[in-house]
Amino acid sequence: MPELPEVETVARDLRPLLAGRKVVAFWVGEAKLRRPWKRSWSGLMAGLRFGEVRRRGKWLMLPLESRKPTAVAGTLLVHLGMTGQFTVVPADDPWADHTHFVFFLDNQTHLRFRDIRRFGSVEWFPAGQDVDNHLGEKLGPEPLDIPAAPFAEAMRRSKRTLKAILLDQAVVAGVGNIYADEALFRAGLHPKRRGHTLTAAECDRLRTAIETVIARAIESRGSTIRDYVGGSGLRGGFQNEFAVYGRTGEKCVTCAGGIERVVVSGRSSHFCPVCQPAGG
DNA sequence: CTGTAATCCTGCGAGC
DNA sequence: TGCTCGCAGGATTACA
């Protein structure tokens, strides 16, 4: 399930494969995704060239330029949802089922968007509509470099559970269920602790735990639980380094305790009751 | 300001 | 073997 490290890996993979490539044809399927693809957008794609792929939180931005004076025609805003796959493959590779978008490129390759559960989305933002601004309004800072003071302030004034706060994209952008659990373990904090109960030291530990977990996961090209693959089809490796996620009933990596699972914020949360004591 | 639950969706594995 | 059922959960919305 793509969170920031997976989306970052896709962005890094796609960047060199797409830069300067021209769209010679475009195909979009009938199945509904999380957000509608408007018919009128389809006709605009052919003839445009991809610019530099970017990422913000769990969102991918793919600028497309028109041939004339390399003016940006618009930007594709993509969310991989739960099972989205965005890959560049040889044109003669067989089409997998649940393929929803195909960009035919000028070097006998395809950029394909596949999404089994259809929680993902692809949208077109014409130049002039500020995509960064659109995302900026609902997203907090990137988790690789979290400003300490605002993070501490957000904790101090929140009575929500830590799990709910970490999943809130407006507090930190890009953290999902897996990395929230892993960060809380590394910080030694129970997922049901409330933000305002954290000491300054605990708050600092949590902030650096998020940064560390996300950074290490990116180094491992993300985590492949089921369907996730990078932009060139490679799987991730961080699932082999999980301390708590999906390890219910197994032994804690640092103590003799057993990993437990509780539901917080409607999401399953995995933690070690010894290393992450309740209360505080 | 909280939390909970439903909504979208398909595949998989456990249990019978 | 084949069925049902629970679960996976990102973002959004409705409701208590």
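Everything numeric here is computed off the predicted structure, so don't read it as measured data.
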Between [Y] and [X], does any NZ, NE, NH1 or NH2 come within less than 4.0 Å of an OD or OE carboxylate oxygen?
X         : Y         : result
Asp97(A)  : Arg114(A) : yes
Arg112(A) : Asp93(A)  : no
Arg21(A)  : Glu65(A)  : no
Glu142(A) : Arg55(A)  : yes
Asp115(A) : Arg118(A) : no
Asp181(A) : Lys163(A) : yes
Glu153(A) : Arg156(A) : yes

Please say whether more than 12 non-hydrogen atoms of neighbouring residues, nucleotides or ligands are located less than 6.0 Å from NZ in Lys138(A).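 For Lys138(A), atom NZ is crowded (more than 12 foreign heavy atoms under 6.0 Å).
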
Ring centroids only, cut at 6.0 angstrom: are Trp124(A) and Phe26(A) within range, meaning strictly under it?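 No.
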
Is the Tyr179(A) ring parallel, tilted or perpendicular to the Phe242(A) ring (thresholds 30°, 60°)? perpendicular

Is any side-chain N or O of His98(A) closer than 4.0 Å to OP1 or OP2 of dG11(B)? yes

Separation of [X] atom [atom1] from [N] atom [atom2], in whole Å?
X         : N       : atom1 : atom2 : answer
His100(A) : dC9(B)  : NE2   : P     : 11 Å
Gln85(A)  : dG11(B) : CD    : C1'   : 13 Å
Lys32(A)  : dC8(B)  : NZ    : P     : 12 Å
Ile116(A) : dC8(B)  : CD1   : C1'   : 16 Å

N/O-N/O pairs, protein side and nucleotides 1-3 of chain B side, under 3.5 Å:
from   : atom 1 : to        : atom 2 : distance (Å)
dT2(B) : OP1    : Lys159(A) : N      : 2.7
dG3(B) : OP1    : Thr161(A) : N      : 3.3
dG3(B) : OP1    : Arg194(A) : NH1    : 2.8

Side-chain heavy-atom pair Met82(A), Arg117(A) within 4.5 angstrom cut-off: yes

If you restrict it to nitrogen or oxygen atoms, what contacts under 3.5 Å exist between nucleotides 13-15 of chain B and the protein, and what is each distance?
none

Where along nucleotides 9-16 of chain C does protein come under 4.0 Å, by heavy atom, of base (B) or sugar-phosphate alone (S), with - for untouched nucleotides? BBBS----

